[in-house]
Amino acid sequence: MASSADAPLESGLSSLRLAADKYRSILNDEKTGNIRWRYGGPPLFDTVNKLFEEERTHHHLNANIATREERDKYRSVLNDVGEVQWRYGHPPAFDLVNQLFEEGQTKVWPEGSLEETVQNAIMSWEMEFSHKIRLQDFKTINPDKFKLFVNDFKTINPDKFKLFVNGREGLSAEETLRLGSYNALLKTSLPGEFQYYKPEEESFESSHDAFRSALPRGFAFEILSVYSGPPNIAFKFRHWGYFEGDFKGHAPTGEIVQFLGLGVLKVDELLRAEEIEIYYDPGELFGGLLKGPPILETKTTGSGNNTAEKHSCPFTH
């Protein structure tokens with residue numbers, strides 16, 4: 001017979017069982033305490049559940065009805081999936097980059113503050129451009145007026161979205177989505193021989209693979225300051241990650257890579273983005289990514305292991 005001292009422990013274990021597995025209801029049965037388990041206790045399916053949720057090809061209604069906490073507390077548009085066509089067939093999971101953000105953020109803004117609202121809006125905007133394939137599914141922009149200005153470059157979306165880079169021929173919305181946000185944001189007017197990254201030689205997939213490989217825990221974003229409120233929101237931001245995988249022939253250093261920037265976000269009455277101006281120095285980012293030694297020149301350690309070879313397998317998330 002359990003003593004009164006055991007009651008809190010038993011209650012805690014009961015609560016833990018109730019939350020143990022949402023797909024295998026028999027694990028929530030109070031009678032599991034009397035079961036003789038093969039390995040001494042109830043099994044955990046966290047890893048296979050995560051794999052299932054990320055890779056399944058069909059989402060039933062109850063799978064799409066999730067609370068803000070269950071889906072993503074920073075990207076509320078993920079709570080309204082509807083009939084969205086996702087680039088990879090399902091809504092994305094941001095567990096790794098959310099953890100990176102929470103561990104590395106330098107500012108913790110009050111819930112509901114302008115700073116938190118702008119921060120979450122930009123996280124959502126970046127998510128939509130990376131994971132949605134139809135502009136009609138976007139919730140964070142006004143598709144009739146959206147414009148994006150990056151340093152001297154701009155993308156325009158009136159009735160027909162266009163991307164203009166230094167007066168070159170415009171790219172349509174579909175072309176921009178196909179190329180990806182990395183390529184759109186890293187356009188440069190430097191001569192080819194001085195470019196450390198060449199967007200015109202990259203596809204959407206190759207650009208995202210390159211940065212996901214280099215930054216396997218993700219590329220976190222935070223708002224450092226907000227200088228003015230809607231409709232023209234001026235802000236300062238920080239982007240960061242850890243260089244733990246190969247990047248364009250350079251071995252990882254394990255060090256943080258980051259850059260700071262300034263932006264102006266013009267929103268409509270629904271707080272959807274109409275224009276975004278971004279100013280930053282790409283050299284801050286690439287200075288860290290090119291710091292790693294060229295893979296072919298990485299010296300062999302005393303144990304005979306090649307450092308570059310250890311990291312040559314792409315690690316995506």
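This is a predicted model, so every value here is computed, not measured. Residues take their numbers from the sequence shown, with the count starting at 1.
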| said: According to ring-ring contact (aromatic ring centres under 6.0 Å, His included), who are the partners of H250, at least two apart in sequence or on a separate chain? | reply: none
| Residues which pass ring-ring contact (aromatic ring centres under 6.0 Å, His included) with Y197, listed by chain and number, not counting sequence neighbours | F211, F286
Are any of the side-chain heavy atoms of [X] and [Y] separated by less than 4.5 Å?
X    : Y    : value
N120 : R75  : no
L285 : L289 : yes
Y196 : P282 : yes
L262 : F235 : no
R217 : R212 : no

Would you please say whether a donor-acceptor pair under 3.5 Å links the side chains of [X] and [Y]?
X    : Y    : answer
E102 : Y74  : yes
Q99  : E103 : yes
E284 : H239 : no

Straight-line distance of [X] [atom1] to [Y] [atom2], nearest 0.5 Å:
X    : Y    : atom1 : atom2 : answer
W240 : L215 : CH2   : CG    : 12.5 Å
S213 : F243 : OG    : CZ    : 8.5 Å
E126 : H131 : CD    : NE2   : 10.0 Å
S207 : L186 : OG    : CG    : 8.5 Å
N98  : Q105 : CG    : CD    : 10.5 Å
E244 : T253 : CD    : OG1   : 9.0 Å

| request: Group every Ile, Leu, Val, Met, Phe, Trp and Tyr by side-chain heavy-atom contacts under 4.5 Å, then state whether F259 and W125 land in the same group. | output: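 Yes, F259 connects to W125 through the hydrophobic network.
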| query | Are V264 and I122 joined in one hydrophobic group, where the rule is that I, L, V, M, F, W and Y side chains link up if heavy atoms are under 4.5 Å apart? | reply |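 Result: no, two separate clusters.
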Has the side chain of [X] got a donor or acceptor atom that lies under 3.5 Å from a matching backbone atom of [Y]?
X    : Y    : answer
E128 : K139 : yes
T117 : S113 : yes
D137 : K132 : no

| message | Less than 6.0 angstrom from the centroid, inside 45 degrees of the normal: does R238 satisfy that with respect to the ring of F221? | response | no
| said: For the residue pair R87 and F204, would you count it as a cation-pi contact if the rule is NZ or CZ under 6.0 angstrom from the ring centre and within 45 degrees of the ring axis? | reply: yes
| Going through the distances and angles, do E222 and Q119 end up as a side-chain contact (heavy atoms from CB on, under 4.5 Å)? | CA-CA 6 Å; E222 72 169 333; Q119 183 168 266; 3.5 Å; yes
| query | Which residues pass the salt bridge (charged side-chain N to carboxylate O under 4.0 Å, His left out) test with E255, sequence neighbours left out? | reply | K291
Under 3.5 Å donor-acceptor pairs involving side-chain atoms of residues 223-232, not counting sequence neighbours:
from, atom 1, to, atom 2, distance (Å)
S228, OG, N232, O, 2.7
S228, OG, A234, N, 3.1

Closest approach of [X] to [Y] (non-hydrogen atoms, all atoms of both residues):
X    : Y    : answer
V97  : F219 : CG2-N, 3.6 Å
M127 : W86  : SD-CZ3, 3.9 Å
G245 : P216 : N-CD, 4.2 Å

| Which residue pairs pass the salt bridge (Lys or Arg N to Asp or Glu O under 4.0 Å) test when at least one of the two sits in residues 189-199, sequence neighbours left out? |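 Applying salt bridge (Lys or Arg N to Asp or Glu O under 4.0 Å) to every pair that reaches into residues 189-199, excluding sequence neighbours, yields nothing.
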| request: Answer with yes or no after comparing the ring centroid distance for Y280 and F237 against a 6.0 Å cut-off, counting only values under it. | output: no
| request: Please list, chain by chain and in numerical order, all residues satisfying side chain to side chain donor-acceptor pair (under 3.5 Å) with S206, sequence neighbours excluded. | output: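 If we apply the side chain to side chain donor-acceptor pair (under 3.5 Å) test to S206, skipping adjacent residues, the hits are E202, S203.
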